[in-house]
Amino acid sequence: IEYFEDPLATKSFTGDEVYVAISQAADAALTKYPTDKLLVISETNNVSAEKLAVKVKNKSQVMFLECNKFAEHSIMETDPNGVLAEYQKTITPEVIGAAIYNAQPFGLKLNFLNDSLTTPIDGAVVNVLGVEIELTKNQIMIYSLIIATVLFIGLYAVYSALELTTKSINSKTEEANTKKAELIAEEQRLIRAKNSISIYDAAKIIDKAGLSKIQYFDAIGTEIPTKVWLSKFYAEPLGGVAIEGETVSVDELYLFFRAIKAAVPNSSLVLSNLKVDDHEGVIDITESTSAIYTFTMTNKEYAAAQARAAMGDMVVGPDGKIVEPAPEGAAPPADSAGPAVPKLQNLPGIQ
């Protein structure tokens, strides 16, 4: 049974206002509880249950019960000599229930305020699998104590098992956290060790022959300005380097060129080509800031390789010497360090 109260100050209303207030409160509560029948009981002289039943908007069958001055008669027969006439109509269902409780010989009285209404228990009859067993008061106490002891032992065993399991889980969690902290510390150590390695030292260890190439890569990646764009980077095994690109700022191109020269020791890099398309004089390159310049940077090793390749239908071997091309389908010379490479001008380079 779900019971709740919504108090209203009925005496503060005038006329039919109290019925409107109560009906609105009841409608809000009844929408949550669909019912087939509704009983309206009034125990106050300020509200008529019959009139309120008409005001309540409910699709179920509505009945009412007056326990106030609006009642035509009392809800139960009373002794005129025992109950005053002015109180006969105000007898409520609660009063009847309390009277029945006190009048009937229940075995157990849950009245802790009046010891005279409490009936002591001398024994009880328990039905176990169809067999009735009569227990005395002492037996009930003994069995109750045994049951309580068994329950206590069982609960204690469960508690102990849970405590052991919790300790085991906590121990494993602490161990996992310790390993995690060790792994994080090792990771941080490796990161610091990685950051402390010089790019030049690493290049020497990886490939001494490619040190200058890595230096060029590092300079391009760290020094390239925002208004300079590279379209091609070529580096051949013998040290030849060519860089091609575009720019809209000659000043930034010059700073980029100087940064590369400073980053690569003993670099022979020069700005070998710089041109601009002025669209046959339409664009004034002295004033326009959108003119696009194309440039090429090369070093003397690249120029020497180009010169060797331009001598004719020759190829350059891994040692940088010009050799005769091998016949088609023939194996490379036995004393060569590897297969010959084609002419430099035919290589796509690294873009």
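Every heavy atom of this structure was used, including side-chain atoms; hydrogens, water molecules and symmetry mates were not. In this chain, numbering begins with 1 at the start of the sequence shown.
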As an exercise, state the distance from [atom1] of [X] to [atom2] of [Y], rounded to the nearest 0.5 Å.
| X | Y | atom1 | atom2 | answer |
| --- | --- | --- | --- | --- |
| Asn273 | Thr298 | CG | OG1 | 9.0 Å |
| Lys261 | Leu269 | NZ | CG | 6.5 Å |
| Asp218 | Thr222 | CG | OG1 | 4.5 Å |
| Trp229 | Glu246 | CH2 | CD | 8.0 Å |
| Gln139 | Ile146 | CD | CD1 | 10.5 Å |
| Thr294 | Leu253 | OG1 | CG | 10.5 Å |

Starting from [Y], can I reach [X] by hopping between I/L/V/M/F/W/Y residues whose side chains sit under 4.5 Å apart?
| X | Y | answer |
| --- | --- | --- |
| Leu271 | Phe256 | yes |
| Ile91 | Leu39 | yes |
| Leu145 | Ile140 | no |
| Ile224 | Val264 | yes |
| Val18 | Val54 | no |

Carboxylate-amine/guanidinium proximity below 4.0 Å for Asp251 and Lys227: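 Not counted as a salt bridge, because no side-chain N and carboxylate O are separated by less than 4.0 Å.
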Short N-O contact, Glu186 and Arg189, less than 4.0 angstrom: yes
Give a yes-or-no answer on whether the side chains of [X] and [Y] include a donor-acceptor pair shorter than 3.5 Å.
| X | Y | value |
| --- | --- | --- |
| Asn68 | Ser42 | yes |
| Ser267 | Tyr216 | yes |
| Ser48 | Glu66 | yes |

[X] vs [Y] side-chain heavy atoms within contact, under 4.5 Å:
| X | Y | result |
| --- | --- | --- |
| Pro225 | Val228 | yes |
| Val270 | Asn299 | no |
| Leu38 | Val56 | yes |
| Asp36 | Gln61 | no |
| Met297 | Phe295 | yes |
| Lys51 | Tyr19 | yes |
| Thr44 | Val47 | yes |

Other residues, nucleotides, ligands: >12 heavy atoms within 6.0 Å of Met141 CE: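 It does not: Met141 CE has 12 such atoms or fewer within range.
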Residue Asn177 excluded, over 12 heavy atoms near CG under 6.0 Å: yes
Trace of the ring-ring contact (aromatic ring centres under 6.0 Å, His included) decision for Tyr302 with Tyr234: CA-CA 9 Å; Tyr302 179 82; Tyr234 175 82; 5.8 Å; yes
Counting only N and O atoms by type, is there a donor-acceptor contact under 3.5 Å from the side chain of [X] to the main-chain atoms of [Y]?
| X | Y | result |
| --- | --- | --- |
| Thr247 | Val250 | no |
| Thr296 | Glu244 | no |
| Ser168 | Leu164 | no |

Full working for side chain to side chain contact (heavy atoms under 4.5 Å, CB included) between Val40 and Val62: CA-CA 7 Å; Val40 179; Val62 182; 4.0 Å; yes
Closest contact, heavy atoms only, Cys67 versus Pro93: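 Reported closest heavy-atom pair: SG-CD, 3.9 Å.
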Shortest non-hydrogen contact between Ala49 and Ile41, atoms and distance: CB-C, 4.3 Å
Geometric class of the Phe152/Tyr156 ring pair [parallel <30°, tilted 30-60°, perpendicular >60°]: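 Tyr156 vs Phe152 ring planes: parallel.
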Residues which pass side-chain contact (heavy atoms from CB on, under 4.5 Å) with Leu255, listed by chain and number, not counting sequence neighbours: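 With neighbours one apart ignored, the set is empty.
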